[in-house]
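Computed from a prediction, not measured in an experiment: that's the story for all the values here. Below, chain A is the first sequence line, B the second, and so on; all start at residue 1.
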There are 2 protein chains.
Amino acid sequence: MTETPAPAPGSRAAKPQQILNAARDLFLKEGFGATSMDAIAKRAGVSKATVYAHYTSKEELFAAMIDVECRRTWPELSTPYHGQTDPIEKIREVAQRYVRFIVGGYPVALLRTVAAEASRTPELGRVFYESAPGLGRLRFAELLQVAHARGVLDIPDPLHAADTFLAMLRGDIQLRCLVCMPLPSDEVITAHAKECAERFIRAYAPKASS
Amino acid sequence: MTETPAPAPGSRAAKPQQILNAARDLFLKEGFGATSMDAIAKRAGVSKATVYAHYTSKEELFAAMIDVECRRTWPELSTPYHGQTDPIEKIREVAQRYVRFIVGGYPVALLRTVAAEASRTPELGRVFYESAPGLGRLRFAELLQVAHARGVLDIPDPLHAADTFLAMLRGDIQLRCLVCMPLPSDEVITAHAKECAERFIRAYAPKASS
DNA sequence: GTCTATAAAGGGATAGAC
DNA sequence: GTCTATCCCTTTATAGAC
């Protein structure tokens, strides 16, 4: 959780950005209900009236923050697979990167905060899902599609297989992150990702071979 | 989400229970921050002072509600496996029951609400984890241990395998539940559980056979 | 656009009567 | 144990000067 202290020392024209950063830090740390517009204004180094000049309500500011953070945080998984490298190797690589991504502070805090607010603002949940995890699973399904086409794996339903693999990788870890339980060590996480990749490959191995 | 309308028509001596029910309905629906003690008192059909007579603070009432709901909602997964039936069949059965459990209104709302509060009250997250998902994975690992001992599966690390299987079953579904996205149909959910069970069995099949 | 000051409402928690 | 009434504080949102 990269803390952006308070009044950005740089360009004074970037007030909206300062406000968004402050909103992100506080909303993700304290939650929607527990964060006051006063606190956001103070952290951003502006007055409350200035905040309202840019975002007409607390909800709108929250939605804007979620939107910006989704676009900013997920570029890793959003880049399409071009098929040059070995799909199996690529799967192993994705496993490591995805697990590390999952345990990062921002993704956990974002999910937590969106989940908390989603029942009151379902639109928010949809925006979050489609611009983040929903996109990631589509990208990964593309990779599995290639593996299937080349015959190295047997995957009749790539989208479901993608969901299954990403879920395996989240495992117990994401749940523990969500409820603020201590995380496993880095070595354990690496071994977990490796184990998941190999089990997945076995589960979807072509029936002929092996 | 079984709504318990308002003042329980029955025994008038059960005020604490009425308060807990009201707290559950409102906390799980609106979240901790957005629920007022006034609203809880009104829904329970008592005065606010009575609420404070039983629970000294909003946080204490919240913790009591979580504790009660965990004990009430999870009996299914908490019953140990006694080893009479075929472990493989038992795994298929658990798959179906677990997925249906996961998409239930209460478990989703509980997780959502606890996750939202956990960063401010980590103790709450621990209590929830250990009395609910943490217990479930231990129970399932016991079943896998039996399958391993009988040689029908090859599972060197039953606890990790349990995490993996339960995670597969949660798949994309739990995430969608958390952010209030529409759920798949009952048929799709059944097929999902079945597919997960078979893939899991393949991933952990003994190397000799197959 | 930005500030200071304030209005208007609602929240958690308690006092005191019964 | 339970209620009514209230204190005191924080919150969202706005008015008006610059």
Side-chain angles (χ1 to χ4, degrees), chain A residues 4 6-66 113 116-117 119-121 124, chain B residues 4 6-66 68 113 116-117 119-121 123-124:
Chain A
T4 310
S11 57
R12 196 154 274 281
K15 289 260 168 80
Q17 189 57 50
Q18 291 173 33
I19 295 170
L20 279 175
N21 286 348
R24 175 198 61 201
D25 292 345
L26 293 175
F27 278 140
L28 294 192
K29 188 176 180 190
E30 309 288 341
F32 181 81
T35 299
S36 73
M37 292 295 256
D38 260 317
I40 292 173
K42 186 172 284 183
R43 187 181 184 91
V46 302
S47 79
K48 196 161 52 164
T50 299
V51 175
Y52 277 98
H54 289 276
Y55 307 95
T56 64
S57 72
K58 192 180 175 184
E59 283 75 16
E60 187 183 305
L61 173 56
F62 185 74
M65 180 277 286
I66 293 292
T113 310
E117 209 47 30
S119 66
R120 270 149 290 163
T121 317
L124 209 64
Chain B
T4 310
S11 57
R12 196 155 274 282
K15 290 261 169 80
Q17 190 57 51
Q18 291 173 34
I19 295 170
L20 279 175
N21 286 347
R24 177 199 60 201
D25 292 346
L26 293 175
F27 279 142
L28 294 192
K29 188 176 179 191
E30 309 287 341
F32 181 80
T35 298
S36 73
M37 293 294 258
D38 261 316
I40 292 172
K42 185 172 285 182
R43 186 181 185 91
V46 302
S47 78
K48 197 159 56 161
T50 300
V51 175
Y52 277 97
H54 289 276
Y55 306 95
T56 65
S57 72
K58 193 180 175 183
E59 283 76 15
E60 186 182 306
L61 173 56
F62 186 73
M65 181 277 285
I66 293 292
V68 167
T113 309
E117 267 317 289
S119 65
R120 270 148 290 164
T121 318
E123 171 68 10
L124 213 61

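- Residues meeting the salt bridge (Lys or Arg N to Asp or Glu O under 4.0 Å) test with B/Glu60, sequence neighbours left out: none.
- Considering only the side chain of B/Ala49, C/dA15 comes nearest among C/dT2, D/dT2, C/dA15.
- With rounding to whole Å, B/Lys42 atom NZ is found 12 Å from D/dT4 atom P.
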Using a cutoff of under 3.5 Å, can you pull out all pairs of nitrogen or oxygen atoms linking the protein to nucleotides 10-12 of chain D, with atom names and distances?
from	atom 1	to	atom 2	distance (Å)
D/dT12	OP1	A/Thr35	O	3.3
D/dT12	OP1	A/Lys58	NZ	3.0
D/dT12	OP2	A/Met37	N	2.9
D/dT12	O4	A/Lys48	NZ	3.4

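- In this view, A/Ala49 and A/Ser47 satisfy the side chain to side chain contact (heavy atoms under 4.5 Å, CB included) rule, not counting sequence neighbours.
- For A/Lys58, the salt bridge (Lys or Arg N to Asp or Glu O under 4.0 Å) test picks out no residue, with sequence neighbours left out.
- The shortest non-hydrogen separation linking B/Val51 to B/Ile19 is CA-CD1, 4.0 Å.
- Between B/Ile40 atom CD1 and C/dG11 atom P the separation is 11 Å, expressed in whole Å.
- Annotation: side chain to side chain contact (heavy atoms under 4.5 Å, CB included) contacts of A/Ala34 (sequence neighbours excluded): A/Glu30, B/Arg120.
- A ring-ring contact (aromatic ring centres under 6.0 Å, His included) check over residues 32-56 of chain B, counting only residues at least two apart or in different chains, returns the pairs B/Phe27-B/Phe32, B/Phe32-B/Phe62.
- Distances shown here put a side-chain N or O of B/Thr50 below 4.0 Å from the OP1 or OP2 atom of D/dC3.
- Listed nucleotides C/dT14, C/dA13, C/dT2 differ in distance to B/Ser57; the shortest reach to its side chain belongs to C/dA13.
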